[in-house]
Amino acid sequence: MRVVDLTGTYVRVALDHPLPTLFDYRCDASLAPAPGMLVSVPFGKRHVVGLVMEVTAHSDVPADRLKSVHSVCAACPPLSEHWLQLTQFAADYYQRGIGEVALPALPQALRDAARWTRLFVPEERYRLLPAGRAALPDALPARATALRRLAAALADADTLPAAEARALHAKAIATLEAWQAEGWVALEIVDPAAHSLSRDHTPRSATLPTLTDEQTAAVEAIRDARAFAPFLLHGVTGSGKTEVYLRALAALLAINPQAQALVLVPEINLTPQFEAAFRARFASMDDSEIVTLHSGLAEGERARNWFAAHTGRARIVLGTRLAVLASLPHLAIIVVDEEHDPAYKQQEGLRYSARDLAIWRAKQLGVPVVLGSATPSLESWWQVEQGRYTRLTLSRRAVADAVLPTVHLVDLEEERRRGRASVEGLSGPLIAALKARLARSEQSLVFLNRRGYAPQLACDACGWVAGCPRCSAYVVLHKPERALRCHHCGWESRIPRSCPECGNVDIAPLGRGTQRIEEALAGAVPGARVLRIDADSTRRKGSAQALFSDVHAGEVDILVGTQMIAKGHDFRRVSLVGVLNADTALFSHDFRASERLFAQLMQVSGRAGRAGLPGEVLVQTRYPRHALYHALARHDYVGFANSTLAERRDAHLPPFVYQAMLRAEGRTLDAALTFLQQAAASLADIPAASRVTVYDAVPLTIVKVMHVHRAQLLIESASRAALQTTLRSWQPMLRTLKGVLRWSIEVDPLDI
Ligand code: ADP
Ligand code: ZN
Ligand code: ZN
């Protein structure tokens, strides 16, 4: 007989644990538990932080096995019902446990009960006053270096938290108090939970640009939406989509004094540009009213910003995909800029699409959501075609006399046939165009989606190619770092002097990456200041920002880089874009490769000619007659989208079917494939799976990474519901299968 404890208060708690169940705990009623509260509970031998999902009067767990809640987090007001529903939806849809979704979405500091008492306490900081700015540092003795450092820190940031001041100098606080007495600085106390809702944040109209008719129509449509309203803002590059976001936000904030806005961007590197635009526009908002949320923030700052959003103090939250799971009690509009960008898809753990969750969230709350792009995803375009989303079009560039660039294709075969000179993959016409820009002091951009010096290092004599000992992949030659590097696992070694197989000393790099092009440009365009921006050159925190500032400041003539330079940046003096090595993506086995290539080329082309300088794009190709390049040359997204959608429909591919991917990792490829074959066979026992198509289990293109072999099984259905039901029944069956190290399900996979 089971002993059931029928008296008292119980909580059902979500923990960050792969099992999709809630865990019951007894809870002292004096702790006043409520759904959405964070609690510290015993789990095994440890204490862990969990999230209360339910408070109940009884539990089915035998009383002798029930443990008690240790403490609740008083510093953090409970998460809302809406937020719990959002994470529950994400967990269900992406086939995860609720705790695996909800807890990782919280700032790290909240997930450590030992830190709860120190969280979100009011912060003291000193502000430099005009009198202080005038007097300091001249009033200080020349040799008082520590005091001078304190003054410099204040002058740099205007405000200095007391804690940081103490770290600078043991007697800093005494000094600051003396300066306060002089009227040089003021002490401020910032309470992260305090509100300032009474203030009016309407931007001053004198400084605003006059909207184009298309921008006006877009802003009015968004402003007038009174319920769930998904908009696709299809605006060519440079058409002023940001201005539409700014105006729509201002309009909504003016209507609703509590309203919060969530603005998503695809990459961390785009946040400073956006943040600056929003801070300039909403100048009356302080640091905690406009906040950013992304993985590049220090832990403390991320926690503070999250908390400002959670308490409703932050009115504008700007962030990367993870921000879609922020707690926003008064969310009134969501913007997803560059909505087509694959970066919105998380590629590990909970493999969610931030764009799709943004739409779900807007629907749940009955608010507008704006998806902006020059090259919308075919998924979103298809929603418009079906009448589910409203299209808002910006067909022209916003800045007077900025027109879309002219696109020319450089036929590499023809160049070769005619015996025209090229330098290291840079064709004659491209070099000539780069030189012409240099002579006119205009900037150029060279785009190549491959980092490193060369993708292979090979021996001509015996055919050896340097490979990774842990992966089934070649290693990439990195010349400045003097290393061979595996881009899949990070393995690194020195560059051998001779072939390890046959001793030949004539080993040579094959193919070209950004480092090699950077080197070639220096030789081919004498006198040009060349800057490379890619994941290698920006490894240090903050360095990407510094490099982009150099470009904006005009200290660079030629910028060479990967897709990092293609996205979103408003480069004012770039008049030429060169595209190298785009052809490889034309013939990929992944059906989305051409959509991605087209978007990338439109994006990178869009960096040219933004401020009145006539822009030109040169695409080097062996296939100048390819339809994709022709659509690019005509700036014809609509034509490209419609013909690609027709192909997808004929081939029964997304968005006309829904897909899920089961991936398995084993010690051998056989183990992984066997697991997937058993998994496929078990689908026969699931009724809903009769409406699901199952493909063969296949190895991944890079089959081995870090000694682990990887394979995948694709399933799809014309019915999203049938696919979801199948996945739900499938999971418990998969848990009983053995023989692999790991397996995972991805819903709506982007990389096939
Ligand atoms: P997109 O995001 O559509 O590529 P941006 O938002 O970067 O375009 O805008 C391109 C440029 O046009 C920016 O420098 C912006 O300040 C400017 N701009 C936007 N709207 C207007 C307008 N109505 N009048 C003049 N300039 C504008
Ligand atoms: Zn050899
Ligand atoms: Zn490797």
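No experiment lies behind these values; they were computed from the predicted model shown. Counting begins at 1 with the first residue of the sequence. Read the numbers this way: they start at 1 and go in the same order the structure lists the ligands and their atoms.
- Coordination check, His487 versus the Zn ion (ligand 3): failed, since every N/O/S atom of the residue sits at 2.8 Å or beyond.
- With respect to atom 27 (C) of ligand 1, the closest heavy atom belonging to the protein is Ala398 CB, 3.6 Å.
- Residue contact check: Pro209 has heavy atoms under 4.0 Å from atoms 22 (C), 24 (N) of ligand 1.
- Judged by the 6.0 Å and 45° rule, Arg388 forms no cation-pi pair with Trp382.
- Ligand 1 does not have Arg397 within reach: every non-hydrogen atom of the residue lies 4.0 Å or more from it.
- Here the heavy atom of the protein found nearest to atom 8 (O) of ligand 1 is Gly240 N, 3.2 Å.
- Across the listed options Arg610, His569, Arg607, Arg610 owns the non-hydrogen atom lying nearest to atom 7 (O) of ligand 1.
- Between Arg279 and Glu289 no salt bridge is recorded (no basic side-chain N to carboxylate O distance below 4.0 Å).
- Ring geometry, His569 versus His552: the interplanar angle falls from 30° to 60°, so the pair is classed tilted.
- Residue Leu211 has at least one heavy-atom neighbour below 4.0 Å for each of these atoms of ligand 1: 23 (N).
- Taking every heavy atom of both residues into account, Cys471 and His488 meet most closely at SG-CB, 4.2 Å.
- When only non-hydrogen protein atoms are considered, atom 6 (O) of ligand 1 lies nearest to Thr242 OG1, 2.9 Å.
- Some N or O of Gln215 is nearer than 3.5 Å to an N or O of ligand 1, by distance alone.
- More than 12 non-hydrogen atoms from other residues, nucleotides or ligands lie less than 6.0 angstrom from CZ of Phe571.
- Rounding to 10 degrees, one finds that the Zn ion (ligand 3) sits at the corner of an angle of 110° between Cys468 SG and Cys471 SG.
- Atoms of ligand 1 found under 4.0 Å from any heavy atom of Val236, numbered from 1 in the order shown, are 3 (O).
- A distance-only check finds a donor-acceptor pair linking the side chain of Ser537 to the backbone of Arg532 [under 3.5 Å].
- The protein heavy-atom contact nearest to atom 17 (C) of ligand 1 is Val399 CG2, 3.7 Å.
- For atom 15 (C) of ligand 1, no protein heavy-atom neighbour is present inside the 4.0 Å cut-off.
- Within ligand 1, counting atoms from 1 as listed, the ones closer than 4.0 Å to a heavy atom of Thr210 are 22 (C), 23 (N), 24 (N).
- Against a heavy-atom cut-off of under 4.0 Å, Thr237 is close to the following atoms of ligand 1: 4 (O).
- Using a distance-only test at 3.5 Å, with no hydrogens or angles considered, no donor-acceptor pair links the side chain of Tyr637 to the main chain of Ala374.
- In this structure, Asp570 pairs ionically with Arg610, as a charged nitrogen and a carboxylate oxygen lie closer than 4.0 Å.
- For the Zn ion (ligand 3), the N/O/S atoms of His488 include none lying under 2.8 Å.
- Here is the list of ligand 1 atoms found below 4.0 Å of a heavy atom in Ser239: 1 (P), 3 (O), 8 (O).
- Near Gly238, with a cut-off below 4.0 Å to any heavy atom, the atoms of ligand 1 are 1 (P), 3 (O), 4 (O), 8 (O), 10 (C).
- In the vicinity of Asp570, heavy-atom distances shorter than 4.0 Å reach the ligand 1 atoms 11 (C), 13 (C), 14 (O).
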